[in-house]
Amino acid sequence: MIRVRFAPSPTGSPHIGNIRTAVFDWLFARHEGGVFILRIEDTDRARLVPGAMEEIMRDLRWAGLDWDEGPEVGGPYGPYIQSERVDLYQKHAEQLVAEGRAYHCYCTAERLEEMRKAQQAAGKPTGYDQRCRYLTEEERAALASESDTFVIRFAMPTSGQTSFVDVVRGELSFDNALQDDFVILKSDGYPTYHFASVVDDHLIKISHVIRSEEWISSTPKHVQLYSALGWEPPAWVHPSLILGPDRSKLSKRHGAVNFSTYIEEGYLPDAMVNYLALLGWSAGEDRDIYSIQELIEKFTLEGITGHPAIFDAQKLLWMNGVYIRQTSMNRLAELILPYLQKAGLVSEPPSDSELDYVRKIVPLIQDRLKVLSEAPELAEFFFREEPAYDPKAVQKWLERPEASELLTKVVDRLEELEEWNVGAIESAVREAGADVGAEGGKVIHPVRVASTGRTVGPGLFETLEVLGRDRVVTRLRRAGSSEQ
RNA sequence: GGCCCCGUCGUCUAGCGGUCCAGGAUGCAUGGUUCUCAGCCAUGAGAUCGAGGGUUCGAAUCCCUUCGGGGCUACCA
């Protein structure tokens with residue numbers, strides 16, 4: 001049975017890279033008919049951010065990455081929050097100590113710091129000097145009695161190599177002598193990541209550890225831990241990092257990296273998952289748009305690339321536009337409604353007529369939307385009592401002698417229309433234009449500016465139809481008479 | 001510094017010894033559709049496959065060296 005886990009640390013908001021890993025985990029589990037597990041790695045009490053765990057779960061749910069075991073849903077190997085499992089880590093750590101595979105260390109932070117400085121100054125690899133590893137019983141007892149705190153360090157083999165197979169890179173090998181006697185249990189009684197993840201991955205029966213490249217160098221530590229504990233390690237899968245435009249690890253410096261930012265800006269869940277799946281993975285085909293179902297069908301570990309990928313916000317934007325165009329009108333109306341309300345264009349809750357109006361506007365802006373948050377800007381003139389007139393547009397199309405006459409003719413004809421629909425509106429406007437010797441853009445542009453305040457926008461006749469006769473007549477009359 | 005990973009158009013990538021004087025997408029440019037914008041359609045520019053050596057009849061694909069980028073190097077994850 002394939003069992004994978006997404007194991008974030010609640011130290012802040014999930015960012016693009018975190019969710020990309022979750023996407024890989026989830027896609028792999030679903031492809032294999034396996035189990036996707038969410039485990040919270042909150043063993044660093046100092047960096048814990050209140051609410052971060054909730055945000056992680058909210059983001060995953062928003063993206064449709066549902067977990068089969070984990071917080072709020074439970075499962076046979078819980079709890080799935082590491083701070084609730086400390087006794088487990090302590091038990092296994094003590095077991096390692098009893099077996100001589102780990103030891104208590106009484107060195108102070110100050111001594112460790114000095115040691116590191118000296119090592120760096122001497123140009124030597126840094127790492128614990130194992131002072132507490134070879135203590136005699138007497139020395140150990142003495143230190144224990146005079147020191148109230150200690151950590152437990154793992155006794156790494158001092159020679160030989162540790163090898164393991166990484167699914168995306170093949171066999172990797174590291175010198176044991178260069179590995180540190182790393183801490184497995186901190187002085188506050190909590191485990192370090194290295195220890196907690198190994199204990200949990202085993203106890204929770206994880207078959208594949210999928211985590212980003214930054215963990216490769218500590219994998220030999222984990223492999224040795226498995227060996228000391230007498231456990232079989234899982235398959236290791238290390239996709240490459242996601243980089244910022246400057247090619248360094250994606251971080252806050254690069255701007256919008258928090259996943260929630262993309263939710264707020266109005267990216268669609270499926271578009272985000274589609275885009276993230278393609279960052280570091282490929283189905284080996286000449287295409288980019290995949291439904292979630294298709295991604296599940298196609299996703300294999302073999303398609304994961306071994307080189308870093310730079311996050312391309314422009315391509316994401318394009319892809320989101322594709323998804324918006326694929327969205328049904330009614331659905332899109334629902335999606336943009338909150339944005340229109342936030343901008344004060346539609347009341348909360350919306351009236352039936354407002355809802356109806358929004359639905360009529362959607363077809364006109366769908367092709368022009370790349371993210372939902374652009375909706376208010378694109379549709380503002382539909383809602384305002386008086387549209388915001390672009391001064392340059394007014395100057396170019398309305399502040400000319402013939403404009404007033406033209407607009408008047410247009411309104412006159414529009415008012416006489418029996419049917420208010422695109423065809424009738426178009427005929428009326430064009431005929432009015434012909435009356436004053438203006439055709440095509442010469443009549444369309446002034447009318448657009450007069451009715452919407454701008455030179456760009458959806459097709460004029462469709463726009464007028466949706467605006468409705470009352471608004472159109474009012475705006476054209478006003479613009480036609482208030483010649484500057 | 002040490003250890004490790006990686007290196008194909010600006011970007012995401014296809015490619016796993018010959019069908020590649022390297023394909024798709026994005027972005028960019030130009031043209032078409034049209035009332036503008038967007039969309040859509042078409043065309044184009046854009047990668048001597050980081051570089052240098054090999055192996056081979058033949059290499060982006062295998063080997064070595066080199067350079068470059070990145071990651072790790074905590075009682076953080």
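Below, chain A is the first sequence line, B the second, and so on; all start at residue 1. As a basis for the values below, the full set of heavy atoms in this structure was taken, side chains included, without hydrogen atoms, waters or symmetry mates.
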Heavy atoms only, 4.0 Å cut-off, all strands: where does [X] land among base, sugar-phosphate and nothing?
X: A/L172; answer: sugar-phosphate
X: A/R169; answer: sugar-phosphate
X: A/T11; answer: nothing
X: A/V183; answer: sugar-phosphate
X: A/F182; answer: nothing
X: A/S197; answer: nothing

Less than 6.0 angstrom from the centroid, inside 45 degrees of the normal: does [X] satisfy that with respect to the ring of [Y]?
X: A/R287; Y: A/Y290; result: yes
X: A/R153; Y: A/Y128; result: yes
X: A/R20; Y: A/F24; result: yes

Distance alone, cut at 3.5 Å: any donor-acceptor contact between the side chains of [X] and [Y]?
X: A/H15; Y: A/N258; result: no
X: A/S173; Y: A/Q161; result: yes
X: A/Q82; Y: A/D200; result: yes

Any side-chain N or O of [X] less than 4.0 Å from the OP1 or OP2 oxygen of [N]?
X: A/S240; N: B/rC6; value: no
X: A/T108; N: B/rC75; value: no
X: A/R153; N: B/rC75; value: yes
X: A/K186; N: B/rC76; value: yes

Whole-Å [atom1] distance, [N] and [M]:
N: B/rC41; M: B/rU65; atom1: P; value: 49 Å
N: B/rC49; M: B/rG44; atom1: P; value: 23 Å
N: B/rG10; M: B/rG46; atom1: P; value: 11 Å

**Whether A/W397 and A/H445 hold their rings parallel, tilted or perpendicular, with breakpoints at 30° and 60°** = tilted

What's the [atom1]-[atom2] distance between [X] and [N], to the nearest Å?
X: A/D246; N: B/rU11; atom1: CG; atom2: C1'; result: 14 Å
X: A/H194; N: B/rA77; atom1: NE2; atom2: P; result: 8 Å
X: A/Y190; N: B/rA77; atom1: OH; atom2: C1'; result: 16 Å
X: A/L178; N: B/rC72; atom1: CG; atom2: P; result: 17 Å
X: A/M319; N: B/rG27; atom1: CE; atom2: C1'; result: 14 Å
X: A/Y193; N: B/rC75; atom1: OH; atom2: P; result: 17 Å
X: A/Y275; N: B/rU11; atom1: OH; atom2: P; result: 12 Å
X: A/D201; N: B/rA77; atom1: CG; atom2: C1'; result: 14 Å

Under the 3.5 angstrom rule, does the side chain of [X] hit a backbone N or O of [Y] as a donor-acceptor pair?
X: A/S218; Y: A/W215; value: yes
X: A/Y262; Y: A/A256; value: yes
X: A/R5; Y: A/I204; value: no

**Asked** If you pin A/A309 and A/D175 to their nearest nucleotides in RNA chain B, which one's is more 5'?
**Response** A/D175

**Complete:** RNA chain B nearest-nucleotide lookup for A/G284 and A/P125: closer to the 5′ end is A/P125

Taking only the side-chain heavy atoms of [X] (C-beta and beyond), determine which of [options] contains the nearest atom.
X: A/R47; options: B/rC12, B/rC5, B/rA77; result: B/rA77
X: A/T192; options: B/rC4, B/rA77, B/rG71; result: B/rA77
X: A/T43; options: B/rC6, B/rA77, B/rG23; result: B/rA77
X: A/E214; options: B/rC76, B/rC5, B/rG71; result: B/rG71
X: A/H307; options: B/rU13, B/rC4, B/rA25; result: B/rU13
X: A/R247; options: B/rA77, B/rC4, B/rG69; result: B/rG69
X: A/K249; options: B/rG23, B/rG71, B/rC3; result: B/rG71
X: A/L279; options: B/rC12, B/rG70, B/rC75; result: B/rC12
X: A/D312; options: B/rC6, B/rU11, B/rC76; result: B/rU11

Go ahead and name the base partner of [N]; Watson-Crick or wobble counts if both distances stay under 3.5 Å, otherwise write none.
N: B/rU30; answer: B/rA42
N: B/rG1; answer: B/rU73
N: B/rG18; answer: B/rC57

Please list, for nucleotides 28-38 of chain B, all pairs of protein and nucleotide N/O atoms separated by less than 3.5 Å.
| from | atom 1 | to | atom 2 | distance (Å) |
| --- | --- | --- | --- | --- |
| B/rC35 | OP1 | A/R430 | NH2 | 3.4 |
| B/rC35 | O2' | A/H445 | NE2 | 3.2 |
| B/rC35 | O2 | A/R448 | NH1 | 3.1 |
| B/rC35 | O2 | A/R448 | NH2 | 2.6 |
| B/rC35 | N3 | A/L460 | N | 3.1 |
| B/rU36 | O2 | A/T455 | O | 3.3 |
| B/rU36 | O2 | A/G457 | N | 2.8 |
| B/rU36 | O2 | A/G457 | O | 3.2 |
| B/rU36 | N3 | A/R448 | NH2 | 3.2 |
| B/rU36 | N3 | A/G457 | O | 2.5 |
| B/rU36 | O4 | A/G457 | O | 3.4 |
| B/rU36 | O4 | A/G459 | N | 3.2 |
| B/rC37 | O2 | A/R368 | NH1 | 2.6 |
| B/rC37 | N3 | A/R368 | NH1 | 2.3 |
| B/rA38 | O2' | A/D367 | O | 2.5 |

